[in-house]
Amino acid sequence: MRLPIIAGNWKMNNTISESLTLIEEIKKHKLDDRVEALVCVPFTSLNEVKEALEGTEIKLGAQNIHWEENGAYTGEISPLMLKEIGIDYCIIGHSERRQYFHETDQTVNKKIKAALKHDIKPIVCVGETLEEREVGKEKEIVKEQVLKAFEGIDKEKIKDIVIAYEPIWAIGTGKTASSDDANQMCGFIRGIIKTEYGEESAENIRIQYGGSVKPETIGELMTKEHIDGALVGGASLNSLDFVKLVNH
Ligand code: PGA
């Protein structure tokens, strides 16, 4: 049995004080302990949110990481810096980073390896654009992203990785992939992991769906065989919605 994981991706939202207000609101509610709940907050809020989450089961994640431990990389944040804060997860290769900050499959691969080296669990994002889907290339694109992201990663590390399938056309647009389409792609990704790493790794790896997930849509998505949770942007900024997503 795979533990479902609901992750809030706050993106570039919330100052430190706003972050703490949101966490305090979430903490007023009882969260289902059969679901792993996680907030991925801006770098500037990580430390304070870590303290605010003490005594709760809610996990903490960053939204990006650099692959080097230190050096002349102005403006970047290293795995050592994140490790010291004590984060559990890090989103890697989100489509917004690929699109606006020119991240490539190669840098995604390096970042995954760096995170794993420091016991930070990567949430690796993959997904096709609308144009790619319209010409029927979505599987080809996603397969290439997965294979390149996982290049050279040891089999025993696979269980620590979460994959988030996020069709780019569904992110922040209010358009969700149908639960069947999402399930089909998540199953396809599980199949790639099976081919590359075998049955057990494929059974253990958690695969989330992301893209305009809302409290109203999570229930059906979570009934699907290959969908083990969601990576949620917009709806995770509202405490009640986040609680509803976790307690779906
Ligand atoms: P959204 O974002 O829920 O606002 O569509 C999802 C994401 O980008 O991870």
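All ligand and atom numbering here is 1-based and tracks the order in the structure. Given the structure is predicted, the values throughout are model-derived calculations rather than measurements.
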_With a 4.5 Å cut-off on side-chain heavy-atom distances among I, L, V, M, F, W and Y, is there a chain of contacts connecting Val213 to Phe242?_
yes
For atom 3 (O) of ligand 1, the closest protein heavy atom turns out to be Gly233 N, 2.8 Å
Are any of the N or O atoms of Gly234 closer than 3.5 Å to those of ligand 1?
yes
Looking only at heavy atoms, the pair that brings Asp32 and Asn247 closest together is N-OD1, 2.7 Å
Atoms of ligand 1 under 4.0 Å from any heavy atom of Lys11, numbered from 1 in the order shown, are 2 (O), 7 (C), 8 (O)
message: I'd like to know if the side chain of Arg98 reaches the main chain of Cys125, judged simply by a donor and an acceptor atom lying under 3.5 Å from each other, with no hydrogens or angles considered.
response: yes
Ligand 1 atoms nearer than 4.0 angstrom to some heavy atom of Ser212 are 1 (P), 3 (O), 5 (O)
His94 heavy atoms within 4.0 Å reach ligand 1 at atoms 7 (C), 8 (O), 9 (O)
Contact region, Ile171 to ligand 1, non-hydrogen atoms below 4.0 Å, reads both
Is there a heavy atom of Gly211 sitting under 4.0 angstrom from any atom of ligand 1? yes
Exercise. Test side chain to side chain donor-acceptor pair (under 3.5 Å) on Glu132 and Thr129 and set out the steps.
Key: CA-CA 5 Å; Glu132 287 159 351; Thr129 63; 3.2 Å; yes
### Query
Do Lys117 and Glu69 meet the salt-bridge criterion of a basic N to acidic O distance under 4.0 Å?
yes
*Answer yes or no: is there a side-chain heavy-atom contact under 4.5 Å between Asp228 and Gln208?*
no
Closest to atom 9 (O) of ligand 1 among protein heavy atoms sits Glu166 OE2, 2.7 Å
Ligand 1 to Gly172, heavy atom cutoff 4.0 Å, flagged ligand atoms 1 (P), 4 (O), 5 (O)
Of all the heavy atoms in Lys214, does at least one lie under 4.0 Å from an atom in ligand 1? no
A cation-pi test, strictly: NZ or CZ of Lys139 under 6.0 Å from the centre of the six-membered ring of Phe188 and no more than 45 degrees from its axis. Yes or no? yes
